[in-house]
Amino acid sequence: MSAAWLKDTVFYEIYPQSFYDTNGDGIGDIKGIIEKLDYIKDLGCNALWINPCFDSPFKDAGYDVRDYKKVADRYGTNEDLYRLFEEAHKKGIRVLLDLVPGHTSEEHEWFRQSQKAEKNEYSDRYIWTTFCFEGAEGFPYVGGESERSATYMLNFFKCQPALNYGFRQVTKHWQLPIHHPAALATREAMKDVMRFWLSHGCDGFRVDMAASLVKNDDEKKSGTSAVWLDIRRMLDLEFPDAAMVAEWSNPPLALRAGYDMDFYLNERGNGYSTLFRDYENHQGEDHSYFKKDAGGNINRFLDQYLQWYQDTKDIGYISLLSCNHDTLRPRYNMDESELKLAYAFLYTLPGVPFLYYGDEIGMRYQNIPTKEGGYFRTGSRTPMQWDRSANLGFSTGCAEDLYLPVDDAEDAPTVASQEADPDSLYHTVKEILALRHSQEDLQADAPFRVICSEPGKPFVYQRGSLLLAVNPDSASKTVKAAFTQNRILYQIGSASCKEGSLTLAGQSFVVLK
Ligand code: NOJ
Ligand code: CA
């Protein structure tokens, strides 16, 4: 059973280093998030996902955790974070932290201990072979850096040694089974981290690489799923209101492993990518569904989505997102008029949707050098653009000290400029989110049904008793269908309907009651 509060929740993802800097050091901080809670609430988001804000050497922007229980100095103190939970709750906003259970930083104290030649409590907290020249065959590994005569397995970058949750299929003498006391100890250590933050007021976690825990797992990920189901039991008993969203991108598996939500992430050519990022697949040609006149086809999304939706609608939620800190921003290839329709669609589908900071004002992807292991992702991680003051209102520090440079385009969108323009993307997002909160039929649980997905026609769908339609192309389009709704609740562009015929002007969206 999912936490009841998810039914009417829209998440706002915050990359803390780039959101709002309150002490002029050029790096966003927890106090900055507290100051902007009213902005987030007013936009229509009522929950946050904050990227890792824990002590870290920042070789992967904080996904290399050095101390799970300590806020990184650059963001403030644990007390600041506790106060964020409190202030957010006063405004009806929930807060998810980012849990990175699959690996730590190579500077984590557990790993330091694990590297020692002499056996100790942490020797098997990570995955080691038994000899300095023996590689972790089939897995990425590092040798030659430890006192211990062995090599260790990596989970992602070189700075991120894999924590040991055991192997579902043990094929080498150095691999431990899932129920080995050392593998169980890792699991308990992660529960301890979760309990720590939940008991200080956090509302749950976004879980990094959730499918990565147990190695040599089967196709159904039954080893990893067993770990999560065990953790879920702990949550149900001790923190029944906590919510968990997986970075797994396989809702049938993730939701059966006890997650409330799973992201539908962009993978080249998958359904989600075909909505906004199809350019990656067609050597420069863009057939994204929401790109005007690009010849996109909604069925490329629906083929996978509907299968997942049918399979999981009674056990949890699929989470769609505008983008995240790992992808190009949707503004990369789409203009404001295209984004309005894309967001109208995203935020009227079932499940629990996410909005990445700055996507509500159409922040652009920046072509800039890598920072903290970001590579191409760095361009989506630049400071939030608040107004036309110095550093676009992000920080009072010197421009050279900023975590990343702000968009220097003369027409860089800002919250202030978008607030002042009644036709802006920002206002559309705000209207759609307000509509979603006002209509139970647009929220997480209301049924979803496709009415028309014929190429060349508007895409028409039903949510509860409401009828919705979108036409991303520039030409006006008509669809005939048996429907009874005839009162326009909301529209972008213009639409008209009579006697089972619905016409949408070019680039329009409509909700009918
Ligand atoms: C997924 C995170 O979203 C990404 O930013 C990170 O680099 C990897 N996992 C490794 O933790
Ligand atoms: Ca700061």
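When a ligand or atom number is given, it counts from 1 through the structure's own listing order.
Each of the atoms 6 (C), 7 (O), 8 (C), 10 (C), 11 (O) of ligand 1 lies under 4.0 Å from some heavy atom of Asp60. Of all atoms in ligand 1, numbered sequentially from 1 with element shown, those under 4.0 Å from a heavy atom of Met209 are 9 (N), 10 (C). Using a 4.0 Å cut-off to heavy atoms of His325, the atoms of ligand 1 that qualify are 2 (C), 3 (O), 4 (C), 5 (O). Close approach of ligand 1 to Arg377 is summarised as follows: ligand atoms under 4.0 Å from at least one heavy atom of the residue are 4 (C), 5 (O), 6 (C), 7 (O). Against a heavy-atom cut-off of under 4.0 Å, Tyr63 is close to the following atoms of ligand 1: 2 (C), 3 (O), 5 (O), 6 (C), 11 (O). Close approach of ligand 1 to Arg381 is summarised as follows: ligand atoms under 4.0 Å from at least one heavy atom of the residue are 5 (O). Below 4.0 Å from some heavy atom of His103 lie the following atoms of ligand 1, by number and element: 10 (C), 11 (O).
Legend: residues meeting side-chain hydrogen bond (donor to acceptor under 3.5 Å, both in side chains) with Thr396, ordered by chain and number and at least two apart, are absent. Taking the side-chain hydrogen bond (donor to acceptor under 3.5 Å, both in side chains) definition, one finds that Asp67 meets it with nothing, sequence neighbours left out. The ring-ring contact (aromatic ring centres under 6.0 Å, His included) search around Phe394 returns none, not counting sequence neighbours.
Ionic pairing of Glu145 and Lys158 is present here: one or more N-O contacts between side-chain nitrogen and carboxylate oxygen are shorter than 4.0 angstrom. Taking the charged nitrogens against the carboxylate oxygens, Asp230 and Arg232 have no contact shorter than 4.0 Å, which rules out a salt bridge. Asp64 has no carboxylate O lying under 4.0 Å from a charged side-chain N of Lys59, or vice versa, which leaves the two without a salt bridge. With respect to Lys291 and Asp278, no salt bridge is recorded, no charged nitrogen being found less than 4.0 Å from a carboxylate O.
The aromatic ring centres of Phe276 and Tyr272 sit less than 6.0 Å apart. Aromatic pair Phe19/Trp386: ring centres closer than 6.0 Å.
For atom 5 (O) of ligand 1, the closest heavy atom belonging to the protein is Asp326 OD1, 2.7 Å. If you check which protein heavy atom lies closest to atom 11 (O) of ligand 1, you get Asp208 OD2, 2.8 Å.
Crowding of Tyr332 atom OH: a count of heavy atoms from other residues, nucleotides or ligands under 6.0 Å not exceeding 12.
Annotation: protein N, O or S atoms under 3.0 Å of the Ca ion (ligand 2) (waters excluded) comprise Asp21 OD1, Asn23 OD1, Asp25 OD1, Ile27 O, Asp29 OD2.
Heavy atoms of Lys59 stay at 4.0 angstrom or farther from ligand 1.
In this structure, Arg74 is positioned above the aromatic face of Phe58, its NZ or CZ under 6.0 Å from the six-membered ring centre and within 45° of the axis.
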